[in-house]
Protein chains: 2
Amino acid sequence: MLSNSSKYAIKGVLYLALNSDEDHKVMVRDMHGVVHVPEAYLAKLLQELSRHGVISSTRGPKGGFFLSKEDRKRSLMDIVKVIDGEKRVKSCVLGVKDCDTDQPCVLHKLVGANKSKFIKVLENTTILDLIEGKRDVEEFFPV
Amino acid sequence: MLSNSSKYAIKGVLYLALNSDEDHKVMVRDMHGVVHVPEAYLAKLLQELSRHGVISSTRGPKGGFFLSKEDRKRSLMDIVKVIDGEKRVKSCVLGVKDCDTDQPCVLHKLVGANKSKFIKVLENTTILDLIEGKRDVEEFFPV
DNA sequence: CATAAAAAGGATAAAAATGTCTTTTAATCT
DNA sequence: AGATTAAAAGACATTTTTATCCTTTTTATG
Ligand code: FES
Ligand code: FES
């Protein structure tokens, strides 16, 4: 459903949500160990997210990636859309076509409801929702 | 969640459920067009399923793949386990570890229930369940 | 302005998934 | 028995995903 890259990206953004803001940017070098994602690869993913305006970044000394107030209101789907594309996550359990069309597949009535519920979660859950009240970083990044 | 290969395999087995029995075996050549899976690749997947006893086959003239009475009682999960492995489908939304452990991830409470419901469907739905009453082959194999 | 720090970008590499082809084995039919 | 047929097996090819490396551009700061 979600690619590995999307999982990585989500974890990266969660880290930023917990550890960064406009005044405290964080370098990939300092976060890749905690979220268990290869440094260069995580950098690529975050750059992609930044390029699409899902997260923020500045270059140079004191630079790094961070989440602005606005960024925190982004949904998980915003991340997934950039990395995997919407099509991938919404595709039918049995094929490539979009789910919920006029011609549902055999499995649709069995799993379709679950799938669209999952998508709703991605769409309706913001970064802020996930981190509110939490500061115990480690629990966020299981191996 | 499910690999493309698993989807192919499920579609192949569904075709066999609708079009084969002990006395009417079917060759890959005759089915790959209907289920929209490359011939040689489908052959490989079916061979794998047969090797693991999920479906049946015999070689030579009048040979082919088919589902025995027993085979029809197999669950979707039996197919997925052979092709993808159980780990892959059960893994956590955010990582590689198994879901539902003592240390659930941040997303678990949001999506975990959906995921385990999906797995339950795979485990509890048999081939027979899917085809009962149906003979309209085409609706089963959307593009 | 010089310098160093950091992301951005691009090229490349490695691994996994997907797909094809050829040879071997087993069943059936003359 | 011999010819034919079809799956089984395995080698090979392609594509996609995942991952690394190196150069360039931008920016803060002394
Ligand atoms: S159409 Fe196949 S899961 Fe919805
Ligand atoms: S532990 Fe991550 S989804 Fe269950």
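Computed from a prediction, not measured in an experiment: that's the story for all the values here. Protein chains get the first letters and strands the later ones, always in sequence-line order, with residue 1 at the start of each. Values below: all heavy atoms of this structure, side chains included; hydrogens, waters and symmetry mates excluded.
Judged by distance alone, with hydrogens and angles left aside, A:Gln47 brings no side-chain donor or acceptor close enough to the base of C:dA7 to form a pair under 3.5 Å.
For the pair B:Arg74 (side chain) and B:Ile127 (backbone), a donor-acceptor distance under 3.5 Å is absent. B:Thr125 contributes no side-chain N or O that, together with a main-chain N or O of B:Leu122, makes up a donor-acceptor pair within less than 3.5 Å. Side-chain atoms of A:Lys115 come within 3.5 Å of backbone atoms of A:Ser91 as a donor-acceptor pair (strictly under, hydrogens ignored). With A:His52 contributing its side chain and A:Leu49 its backbone, the two residues share no donor-acceptor pair below 3.5 Å.
The CG-C1' distance, from A:Asp23 to D:dA28, rounds to 15 Å in whole Å. We find that CD1 of B:Ile83 is positioned 12 Å from P of C:dA17, with the value rounded to whole Å. Atom NE2 in B:His32 sits about 19 Å away from atom P in C:dT18, given to the nearest Å. Atom CE of B:Met27 is separated from atom C1' of C:dA27 by 14 Å (rounded to the nearest Å). In this structure, OH of B:Tyr8 is placed 9 Å from C1' of C:dG19, rounded to the nearest angstrom. The separation between B:Phe66 atom CZ and D:dA6 atom C1' is 13 Å, rounded to whole Å. Whole-Å rounding puts the A:Lys7 NZ to D:dT17 C1' distance at 13 Å. Residue B:Leu49 contributes atom CG, which lies 14 Å from atom C1' of D:dA7 at whole-angstrom precision.
Residue A:Lys97 places its NZ atom among more than 12 non-hydrogen atoms of other residues, nucleotides or ligands, all under 6.0 Å distant.
For the OP1/OP2 pair of D:dA8 and a distance below 4.0 Å, the side-chain nitrogens and oxygens of B:Arg51 include no atom meeting the criterion. For the OP1/OP2 pair of D:dT17 and a distance below 4.0 Å, the side-chain nitrogens and oxygens of A:Tyr41 include no atom meeting the criterion. OP1 and OP2 of D:dT17 both lie 4.0 Å or more from every side-chain N or O belonging to A:Ser5.
For the contact set between residues 57-64 of chain A and DNA chain D, defined by any heavy atom under 4.0 Å, the members are A:Arg59, A:Gly60, A:Pro61, A:Lys62.
Place B:Glu39 and B:Arg88 on DNA chain C by their nearest nucleotides, and B:Arg88 ends up nearer the 5' end.
Using a 4.5 Å heavy-atom threshold, the side chains of A:Asp129 and A:Asn124 count as separate. Considering only heavy atoms from C-beta on, A:Leu67 comes within 4.5 Å of A:Leu16 through its side chain. Contact annotation: the side chain of A:Ile10 never approaches that of A:Ile83 to less than 4.5 Å [non-hydrogen atoms, C-beta and beyond].
Out of C:dT18, D:dA6, D:dT18, the shortest distance to the side chain of A:Asn4 is found at D:dT18.
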Between A:His24 and A:Asn19, is a side chain to side chain contact (heavy atoms under 4.5 Å, CB included) present by the stated rule, with each step listed?
CA-CA 8 Å; A:His24 300 90; A:Asn19 297 98; over 6 Å; no
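Among the heavy atoms of the strands, none lies under 4.0 Å from A:Val37. Base contact: B:Lys44 has a heavy atom under 4.0 Å from a base atom.
Using a 4.0 Å cut-off between charged nitrogen and carboxylate oxygen, A:Lys90 and A:Glu123 count as a salt-bridge pair.
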Strand DNA chain D as a dot-bracket string - pairs counted if Watson-Crick or G-U with both distances under 3.5 Å, | where the partner lies in another strand:
||||||||||||||||||||||||||||||
